[in-house]
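Everything below concerns the one structure shown next.
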Amino acid sequence: MVKYSSIALLAMVHGCNAFAPASFSNQVASSAATAFTSISTSASTISSSSSNLNLMMDPTQMVNDASTFFSSGIASGFDFNSFDTSTLLSFSDQGQNLAGIFFQASLPFYLIFLYFISFRGNRIPQLGNFGFQFLLLFVISTIPSGIITKGTYGISLADCDWLHGGAEALLTTTTLLIVAGFRNGSHTPKAELKDEWKLKVAGLGVIAAFVSALVVGPGLGFQDHSAFLLGAGNLPKDLVETLPWVTHSEPVNALSIPTWAIHFSSVFEWVFAMNIIWNFSENTGNEKWKGLTWGMIPSHASGVAACTYHFFYNPSSLQFLVSTQAGLTLLGNITLAIAAYRIAVSNGWSLDELNPLPASSTSPKGIIVDEAAAAPLLITEAPESDAALAAKLAALTFGTAYIVKYGELGLDIPFERNGYIGAAIVAGIPALTALTFYNKGMNEGGKGINIPALPKFGGEDGEGPSLSMADVKKYGVSGTVAYILTELAFWAVAFPVASTALYQSSGHWPDVINDTTDRATVLGFIFAGANVARLLVPLRLGAALALAPWVDENL
């Protein structure tokens, strides 16, 4: 796993999309053997060390792996320094360079999140923590997947069903581990958790199976549009054509039932995890854990954006959905990091924890943290059995997969590629999820969002604003965080909107890395929008003030 982490960070350093790793052009495809050798070696390392299932990152080992990785690349004739970054695309080969920038920027925040959430005082369930760390392996999986889809088939990963579904299976494994870990930690005494290692081994087994498929798949005759898991569950084409509501033929790049199921399973499992983590505040007696649930909302929206893009059959005209997905991933990792920091601080974390020297065994503060970390969790009764939860997940997953895959064939919307409808889906579903938790918090005695009176654009004499940053600062850290969130929301919207405006006017998506004209145009759009937004500063400050009490309570 150390080698996987090494290559992930190396990808980011060398311009590859690390959080949603880039697939390479034909230039990289010619060096695919080198990448496969590195990945296979990593898989062997994992298998040979399965007895030690904790994810650890050894900086020295990472540097050594870096040297080996690039040396093997140079030896095979690949010139990293001359690599053309214009060939880089973001998640699943879809996101263009703008999304790639967002994805790359999101990785450091996720690593910060992992650091804080792993703080010993948090008493996070070991399997749940392993699940959060497992996400890094999903990130890495899209690198060799992208090499094959671009180099062998000449298409994007989103359109290569068997590889797309295989890579997404690692994301589903991640969310399953998180759900199982927090569920076990909440409802089962620690002394009885003796078989969790089996779930870790199963997760590593999924990785091994995926790596094996990458190596032998093309040689076994898998084609560009071969279905994941051989399309198990797909209805026969003749039967689909006889369905009374069907008015359209399914495109060749349509997702199979197994791939749709993998996507929806990840979305539903993430929502399940949000609910379990919300309730974990009762097990720990720490309300800050509810903030992590709120921090997971943007990541949930990112998953919805990906599914929405697939709902429209991955058209280039709706590329802004991928940029939106990337922006939401960045925002989500930031909110996760903030929430984890708040949890860690509430459990005794301080800057002293960053001291690389061994801690004093007689430090009063350290003793307090260690005692808190050793305190048992309050075990609560599970609201439903494991079998009932699994049945609910299966029904939601496969029911939604069949409804979407075959139901949309009776609609014109997926074939008209209407961006407004796509944006409404991406905004609407997470908003309903957020409303559910908001109402849950209010029922538990929460403060809610205190909406102040509509701010004026001038003072009593009509001169000067009635609201200022001084009002926001009165709320301390909570006010500052609330203001940052409102500004992040602006920028998360500004980039996709500016990119879409350029696409509508020029017919191509911006290349902000290599094309100075595109970069200037996008920045110009954003600057114009910022000037318009500047006129609404009182409203933005009012939004921050409205959020501040909620941020203080939940984040």
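Here the side chain of D161 pairs no donor or acceptor atom with the backbone of L255 at under 3.5 angstrom. Formation of a donor-acceptor pair under 3.5 Å by the S226 side chain with backbone atoms of Q223 is found in this model. Listed for the W294 side chain is no donor-acceptor partner under 3.5 Å among the backbone atoms of A339. Remark: side-chain polar atoms of S212 are paired, donor with acceptor, to backbone N or O of A208 under 3.5 angstrom. Checking side-chain atoms of S106 against main-chain N and O of L330 turns up no donor-acceptor pair under 3.5 Å. Within the 3.5 Å criterion, the main-chain N or O of S156 finds no donor-acceptor partner in the side chain of T149.
Under the 4.5 Å side-chain criterion, counting only non-hydrogen atoms from C-beta, V179 is not in contact with L393. Using a 4.5 Å heavy-atom threshold, the side chains of F113 and L292 count as touching. At a threshold of 4.5 Å between non-hydrogen side-chain atoms, the residues I155 and H225 count as touching. In this structure, the side chains of L432 and T436 stay at 4.5 Å or more apart for every pair of heavy atoms. Side chains of F102 and T329 form no contact here, defined as non-hydrogen atoms less than 4.5 Å apart. Residues I207 and F134 meet the side-chain proximity criterion, which asks for heavy atoms closer than 4.5 Å. Residues L409 and T247 form no side-chain contact, since every pair of their non-hydrogen atoms from C-beta on lies 4.5 Å or further apart. The closest side-chain heavy-atom distance from I421 to I425 is below 4.5 Å.
Distance check: L214 CG to L163 CG gives 6.0 Å after rounding to the nearest 0.5 Å. Here the CZ-CG distance, from F103 to N333, works out to 10.0 Å after rounding to the nearest 0.5 Å. Here the straight-line distance linking atom OG1 of T175 with atom CZ of F138 works out to 10.0 Å at 0.5 Å rounding. The distance from atom SG of C160 to atom CG of N253, rounded to the nearest 0.5 Å, is 11.0 Å. In this structure, CD on E168 lies 11.0 Å from OG1 on T173, to the nearest 0.5 angstrom. Put simply, OG1 on T433 and CD1 on I297 are 6.0 Å apart, with the number rounded to the nearest 0.5 Å.
For F264, the ring-ring contact (aromatic ring centres under 6.0 Å, His included) criterion is met by W260, not counting sequence neighbours.
Taking all atoms of both residues into account, the shortest heavy-atom contact from L318 to R417 is CD2-O, 3.6 Å. For the pair A427 and P430, the tightest heavy-atom approach, listed with the atom from each and the gap, is O-CD, 3.7 Å. Here the shortest heavy-atom pairing between P218 and W162 reads CD-CH2, 3.9 Å. In terms of heavy atoms, I178 sits closest to A273 at CG2-CB, 3.9 Å. Across every non-hydrogen atom of L199 and A180, the tightest pair is CD1-CB, 4.1 Å. Taking each heavy atom of T242 and D238 in turn, the nearest pair found is CG2-O, 3.2 Å.
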Pair L107, L136 - check side chain to side chain contact (heavy atoms under 4.5 Å, CB included), show working. CA-CA 9 Å; L107 179 60; L136 294 176; 4.1 Å; yes

Start with the C-alpha gap between N129 and S118, add the side-chain angles, then the distance that decides, and say whether side-chain hydrogen bond (donor to acceptor under 3.5 Å, both in side chains) holds. CA-CA 7 Å; N129 196 26; S118 301; 3.1 Å; yes

For a side chain to side chain contact (heavy atoms under 4.5 Å, CB included) check, start with the C-alpha distance between L321 and F311, then their side-chain angles and the critical distance, and finish with the verdict. CA-CA 11 Å; L321 288 174; F311 173 79; over 6 Å; no

For the pair T259 and H310, evaluate side chain to side chain contact (heavy atoms under 4.5 Å, CB included) and give the outcome as yes or no after the intermediate values. CA-CA 11 Å; T259 301; H310 301 325; over 6 Å; no

Audit row: E196, F130, side chain to side chain contact (heavy atoms under 4.5 Å, CB included) steps and yes/no: CA-CA 11 Å; E196 285 192 329; F130 178 83; over 6 Å; no

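Salt-bridge annotation for E250 and K237: absent, with no side-chain N of the basic residue lying under 4.0 Å from a carboxylate O of the acidic one.
Applying the ring-ring contact (aromatic ring centres under 6.0 Å, His included) test to pairs two or more places apart or on separate chains, those with a residue in residues 397-433 are H248-F415, Y313-F415.
The side-chain hydrogen bond (donor to acceptor under 3.5 Å, both in side chains) with S266 is formed by just one residue from the set T397, T172, T174; it is T172.
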